[in-house]
Amino acid sequence: MQIEDKMNFNEKVYKLCSKIPRGKVSTYKELAKALNSKAYRAVGNALRNNKYPNIIPCFRVIKNDGSIGGYCGKNPKNIKKKIFKLKLEGIIFNKGKIDMDKYLYKFK
DNA sequence: GGAGTGACTTTTT
DNA sequence: GAAAAAGCCACTC
C-alpha cells in the first residue's frame with residue numbers, strides 16, 4: 001500500500017496515463033486533479049520526459065481546452081501523428097479540437 | 001539550496 | 001475572438 005506515495009509525481013502521472021481507456025482522452029489539469037494537485041505544469045513536464053513511452057499513451061493527454069497541446073519535441077509532424085492516432089481510436093476532431101464532453105475521461 | 005525550465009491554465013488587452 | 005502576460009507547481013541542473 002501507499003506504494004504510489006513512494007512514487008514521484010512523475011511516476012504517478014505515468015500510471016494515470018496508462019489508465020486512460022482507449023477511445024478517451026484526458027487533460028493535464030484532470031491528471032493533476034486526480035493526483036490531488038494543481039501541478040498541471042509538472043504533469044506536462046512528466047510526459048515531456050516520457051520515460052516509459054511503451055506503456056504510456058501520452059497521445060491521450062491533451063489540453064484543457066481540447067486542443068492537442070504538444071507531443072514529443074513539439075514538432076508539428078508529431079502533433080499531426082498524435083491527432084491521427086486519436087482519430088484511429090474513434091475520437092473526432094473539430095477544428096483541431098475534440099469534444100471534451102464526450103471524450104474526456106475523468107479519473108474516479 | 002537556488003535558479004531555470006516546460007507537452008499548462010487563467011486572466012487581461 | 002485571438003494574442004499576450006502572468007501565475008503556478010514539480011522536476012532538473
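A, B, ... follow the sequence lines: proteins, then strands. Residue 1 opens every chain.
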Distances under 3.5 Å only, N/O to N/O: pair up the protein atoms with those of nucleotides 8-11 of chain C.
residue : atom : partner : partner atom : Å
C/dC11  : OP1  : A/Phe9  : N            : 3.0

Going from [atom1] on [X] to [atom2] on [Y], what distance comes out if it is rounded to the nearest 0.5 angstrom?
X        : Y       : atom1 : atom2 : result
A/Tyr103 : A/Ile91 : OH    : CD1   : 7.0 Å
A/Tyr14  : A/Leu47 : OH    : CG    : 7.0 Å
A/Leu31  : A/Cys17 : CG    : SG    : 5.0 Å
A/Ile98  : A/Asn94 : CD1   : CG    : 10.5 Å
A/Tyr40  : A/Leu35 : OH    : CG    : 13.5 Å
A/Asn36  : A/Lys12 : CG    : NZ    : 8.5 Å

- prompt: When you measure from every atom of DNA chain B, which of residues 20-31 of chain A have a heavy atom less than 4.0 Å away?
  reply: A/Tyr28, A/Lys29
message: At a heavy-atom distance below 4.0 Å, what parts of residues 62-70 of chain A sit against DNA chain B?
response: A/Lys63, A/Asn64, A/Gly70
query: Expressed in angstrom and rounded to an integer, what is the separation of A/Arg48 atom CZ from B/dA7 atom P?
result: 6 Å
Identify all side-chain donor-acceptor contacts of residues 58-73 of chain A below 3.5 Å with residues at least two apart in sequence or on another chain.
residue : atom : partner : partner atom : Å
A/Arg60 : NE   : A/Glu89 : OE1          : 3.1
A/Arg60 : NH1  : A/Ile20 : O            : 2.8
A/Arg60 : NH2  : A/Glu89 : OE2          : 3.0

- prompt: With a cut-off of 6.0 Å (strictly less than), are more than 12 heavy atoms of other residues, nucleotides or ligands near CZ of A/Phe84?
  reply: no
query: What pairs of residues pass the side chain to side chain donor-acceptor pair (under 3.5 Å) test when at least one of them lies in residues 77-86 of chain A, not counting sequence neighbours?
result: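 Pairs touching residues 77-86 of chain A that pass the test: none.
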- prompt: How would you list, by chain and number, every residue that makes a salt bridge (charged side-chain N to carboxylate O under 4.0 Å, His left out) with A/Lys33, sequence neighbours excluded?
  reply: A/Glu30
